[in-house]
Amino acid sequence: MKDKIGHDTVDTSEMVETPETPQEMADFLNNRALDLKPPYFKMSDMKWKHAIRSALRGENLMFTGPSGCGKTMGVMEVRKALKRPFYYMNLGSTQDPRTSLIGSREAEDGTTYFKPAPFVNAIQNPYSTILLDEISRAHPEAWNILLTVLDPKQRYLQVDEASEGGKVNVADGVCFMSTANIGTQYTATRQLDRALEDRFTVIEIDILDRDEEFDLLQKLVPEVPDEKLDTLAKVAAETRREVKATNPVLNRIISTRQTVQMAEQIRDGYSIMEAIHVTVYPNYDDEGGDQSPRSTVQKIVQKEVDEQDVDSVLFDHDDMRKSRSMS
């Protein structure tokens, strides 16, 4: 079975150390923490300082918010700012939690021995950051295994009863971070166990407004002309406004992940309409005629995208214009 944990080695010589006293922590948060936040990362100063403080204290952090809003980016920016060793585990794709989190028994030359999972080694690395991605999609058995690991008063992993050692303690300063999609609109997610959820400090990633989205795109994909990036930001902002309407037709937004993806496609030669066709439209149902979610998004696009941007450099012009006229 392929291990579902990744390890990103970093130069820890400049690792940000935890301030020793409450006053030193207060001084750090008020005078240094914001300098660690990259200019392209759109998180409020309050939430950024809260995340930095929690990570330095070795507390567990859960980043929540709609799909594609930047939860994983939040984890990455916090751990990069602190220059901590980093481990990644996708709990959403883990079908055998015991093997992935604890280990397995293997036989060699007639001898049976216990092979610990990489996760066992990760939790023994002091001051590391461990991302438990997609925790709301994890198998319930994974939650049960993690209960003692995440409990600040216990902080140990119970390995196989028949193995040597019995328990593996979590090293000092280890910070567990997770991402979660919470809500009935997300398929394949489970209602998080309350005991598990209570072990995390929850940080909700905010949806960007038009100006914030444009600023982010400028910094991430500077090769694309500003007017095209602004168009993407406007289209995305309109879908977010529609989702919040009293009687919304749309039940999902164009996410920041999608706007970044479209900007990268435009950088690679796509027109705006091509990027929208391949990235946005497939996510919206076209049943219901003029009142369908896809028709609603197409009307938003018609309002915001200039006619000259319909022209294609990659795909068939006639097909694109035909699709445009039908919308």
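All residue numbers refer to positions in the sequence shown, counting from 1. Keep in mind that what you see is a predicted model, and the values were worked out from it rather than measured.
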Inter-residue atom distance [X].[atom1] - [Y].[atom2], 0.5 Å rounding:
X      : Y      : atom1 : atom2 : answer
Thr259 : Ile254 : OG1   : CD1   : 8.5 Å
Met177 : Lys71  : CE    : NZ    : 15.0 Å
Thr201 : His50  : OG1   : NE2   : 5.0 Å
Asp198 : Met62  : CG    : CE    : 9.5 Å
Ile123 : Leu157 : CD1   : CG    : 4.5 Å
Arg240 : Ile207 : CZ    : CD1   : 6.0 Å

Using a strict cut-off of less than 4.0 Å between a Lys/Arg side-chain nitrogen and an Asp/Glu carboxylate oxygen, indicate whether [X] and [Y] qualify as a salt bridge.
X      : Y      : result
Glu212 : Lys42  : no
Glu238 : Arg210 : no
Lys37  : Asp45  : yes
Glu213 : Lys234 : no
Lys47  : Asp206 : yes

Does Gln291, at its CD atom, have more than 12 non-hydrogen atoms belonging to other residues, nucleotides or ligands within less than 6.0 Å?
no
Neighbour count >12 (heavy atoms, 6.0 Å) for atom CD, Glu287:
no
Cation-aromatic face contact Arg84/Tyr127, 6.0 Å, 45 degrees
no
Parallel under 30°, tilted from 30 to 60°, perpendicular over 60°: which one fits the rings of Tyr281 and His277?
perpendicular
Students often mix this up, so state it plainly: with edges at 30° and 60°, are the rings of Trp48 and Phe41 parallel, tilted or perpendicular?
perpendicular
Indicate yes or no for a side-chain donor-acceptor contact from [X] to the backbone of [Y] under 3.5 Å, with no hydrogens or angles considered.
X      : Y      : answer
Thr18  : Leu56  : yes
Gln158 : Gly166 : yes
Ser128 : Asn125 : yes
Glu304 : Ile300 : no
Asn169 : Tyr156 : no

Check the hydrophobic clustering (I, L, V, M, F, W, Y; side-chain heavy atoms under 4.5 Å; chains of links allowed) and say if Val249 and Val301 are grouped together.
no
Pair Ile52, Val78 - check side-chain contact (heavy atoms from CB on, under 4.5 Å), show working.
CA-CA 6 Å; Ile52 291 293; Val78 170; 4.2 Å; yes
Are Trp143 and Leu150 close enough, and set up right, to give a side-chain contact (heavy atoms from CB on, under 4.5 Å), and what steps lead you there?
CA-CA 10 Å; Trp143 297 347; Leu150 299 171; over 6 Å; no
Donor-acceptor pair between [X] and [Y] side chains, under 3.5 angstrom:
X      : Y      : result
Gln218 : Asp226 : yes
Glu134 : Thr179 : no
Thr99  : Asp96  : yes

Consider side chain to side chain donor-acceptor pair (under 3.5 Å). Of Gln154, Arg155, Lys153, which one does Asp151 pass it with?
Gln154
Using side-chain contact (heavy atoms from CB on, under 4.5 Å), reason through Leu36 and Glu77 one step at a time and then give a plain yes or no.
CA-CA 9 Å; Leu36 300 176; Glu77 296 304 337; over 6 Å; no
Between Glu141 and Ile145, does a side-chain contact (heavy atoms from CB on, under 4.5 Å) hold up when you go through it step by step?
CA-CA 6 Å; Glu141 185 181 2; Ile145 293 171; 4.3 Å; yes
